[in-house]
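Below: one structure, written as structure tokens.
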Number of protein chains: 2
Amino acid sequence: MQNTPPEQTPPCHCHGGFIAEHDHGPCVNHALERAATLCRERGVRLTPQRLRVLELVWRSSRPLQAYALLEELRVQQPTTAAPIVYRALDFLIQQGLVHRIESQNSYAACRHPDAVHDGQFLLCTHCGRAVELESRPVSEQVRAAAEGVGFEVSQQTLEVHGLCPRCQGGPQHG
Amino acid sequence: MQNTPPEQTPPCHCHGGFIAEHDHGPCVNHALERAATLCRERGVRLTPQRLRVLELVWRSSRPLQAYALLEELRVQQPTTAAPIVYRALDFLIQQGLVHRIESQNSYAACRHPDAVHDGQFLLCTHCGRAVELESRPVSEQVRAAAEGVGFEVSQQTLEVHGLCPRCQGGPQHG
DNA sequence: CATCGACTGTTATATTGTAACATATAACTC
DNA sequence: GAGTTATATGTTACAATATAACAGTCGATG
């Protein structure tokens, strides 16, 4: 587990791979600023509620479910109800800032929201962490295979279950 | 409804592609017989309930949701309750006879249950039909990409949304 | 025929997600 | 800035999806 050189790399290792623990705060802040910029550029409104949900999703080490988010929102605002969460998630998903993990009814922050891309996740069945794969070749091959049978692709989702590097070969918990 | 498949070709076009309507009955019967054989070989019990659910899933031209299945079961047995359906589906999925479509909370018959394989579906957003892709190269490439980041794959699901050949280029309904 | 394990029947409830409508806030126009 | 429109939020109620728990039944096996 070697360190990656800090120069020219994104502000944290979050941008790829199953990684060791680290101070996640700066990554979150950077992501939120980036999201704000993107929304400004797109002329859509990243309201405080939406920002708050995005922050919670980013802070979590694994995908969150809607009602877990709801509970967290209720810490500060006990009257918050389900539609608040779902509306915020709808918006964030539309903007490509959050992905929905279909097989878990959960929601994960998108690590590279700049370019629209397909949802591709590696989901560790042991520690519950999720990592975005974002393999362009896979996307392309899927598209080619679909077009090969005359299917016009608009969206694809890939969810891969298994064991992340840290959870392989031992009973220790991640 | 013959006792044994007389030749080596599959009995209908169901085995691949978005296809024209046809008499689906023989395909269903063949599939159910094949399922019975597989279960016998595996030493597991394809009970009447399970067989009934499998038949309903096969008869449907598109994936069915659990409560839709429940309604159909209730036609013959009005007291049937949700757990019946979910237990049957659990079994059928375990045996690879049915796939769950995660993005739709729905269930589709597996067209080639002989060999265990990954769930890969083309889902038409217009007519609602689903077709299994079953592209081995895609599976392999996904596995390779995952292993490339040290992830040990146990299961993968791919769901591709878009327009099937029949639903492209026109407002007519499929 | 006793017993053990698997399957089914049933009730109740948990979890996940939306409809609908009232209110509030932002953005736009004059 | 007042009026107007569109968008976002607050709130209640409920729909849709899924499971827990336990009692009863059936089937194989010794």
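In what follows, chains are A, B, ... by sequence order, proteins preceding strands, each numbered from 1. If you're wondering where the values come from, they're calculated on a predicted model, not measured in any experiment.
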Quick one: is [X] getting a side-chain N or O under 4.0 Å of the [N] phosphate, OP1 or OP2?
{"X": "A/R74", "N": "D/dG10", "value": "no"}
{"X": "B/Q77", "N": "C/dG9", "value": "no"}
{"X": "B/N105", "N": "D/dA16", "value": "no"}
{"X": "B/Y86", "N": "D/dA16", "value": "no"}
{"X": "B/Q65", "N": "D/dT17", "value": "yes"}
{"X": "A/T80", "N": "D/dG10", "value": "no"}

- Query: Hey, mind stepping through A/R100 and A/E102 against salt bridge (Lys or Arg N to Asp or Glu O under 4.0 Å) and telling me if it holds?
  - Reply: CA-CA 6 Å; A/R100 178 182 157 90; A/E102 300 287 354; 2.9 Å; yes
Over how many whole Å does the gap from [X] atom [atom1] to [N] atom [atom2] extend?
{"X": "A/L69", "N": "C/dT16", "atom1": "CG", "atom2": "C1'", "value": "13 Å"}
{"X": "A/L64", "N": "C/dG17", "atom1": "CG", "atom2": "P", "value": "13 Å"}
{"X": "A/L46", "N": "C/dA26", "atom1": "CG", "atom2": "C1'", "value": "15 Å"}
{"X": "B/Q94", "N": "C/dC7", "atom1": "CD", "atom2": "C1'", "value": "14 Å"}
{"X": "A/Q49", "N": "C/dA26", "atom1": "CD", "atom2": "C1'", "value": "15 Å"}
{"X": "A/L70", "N": "D/dT12", "atom1": "CG", "atom2": "C1'", "value": "14 Å"}
{"X": "B/R45", "N": "D/dG27", "atom1": "CZ", "atom2": "P", "value": "7 Å"}
{"X": "A/I84", "N": "C/dT23", "atom1": "CD1", "atom2": "C1'", "value": "12 Å"}

- Task: Looking only at non-hydrogen atoms, find the nearest pair between A/Q104 and A/P63 and report the distance.
- Result: OE1-CG, 4.2 Å
- Message: Using 0.5 Å steps for rounding, measure from the CZ atom of B/R136 to the CD atom of B/E140.
- Response: 6.0 Å
- Query: Rounded to the nearest 0.5 Å, what separation is found between the CG atom of B/L64 and the CG atom of B/L69?
  - Reply: 5.0 Å
State which of [options] makes the closest approach to the side chain of [X].
{"X": "B/R50", "options": "D/dT12, C/dT8, C/dG17", "result": "C/dT8"}
{"X": "B/A81", "options": "C/dA19, C/dT11, D/dG10", "result": "C/dT11"}
{"X": "B/T47", "options": "C/dC7, D/dT11, D/dT19", "result": "C/dC7"}

- Assign each of A/P83 and B/T79 the nucleotide of DNA chain C bearing its closest heavy atom; nearer the 5' end lies the nucleotide of B/T79
- Message: Using a 6.0 Å cut-off, check whether atom CD of B/E147 has over 12 heavy atoms from anything other than its own residue.
- Response: yes
- Message: Using a 3.5 Å distance criterion without hydrogens, assess whether the side chain of B/R111 forms a donor-acceptor pair with backbone atoms of B/E132.
- Response: no
- Polar side-chain contact B/R87-C/dG9 base: donor and acceptor under 3.5 Å: yes
- Query: Would you say the base of C/dA14 and the side-chain of A/Y67 have a donor-acceptor pair closer than 3.5 Å?
  - Reply: no
- Would you indicate what B/R52 reaches in the nucleic acid, counting non-hydrogen atoms under 4.0 angstrom: base, sugar-phosphate, or nothing? nothing
- Reckon A/F91 touches a base, only the sugar-phosphate, or nothing at all at heavy-atom distances under 4.0 Å? nothing
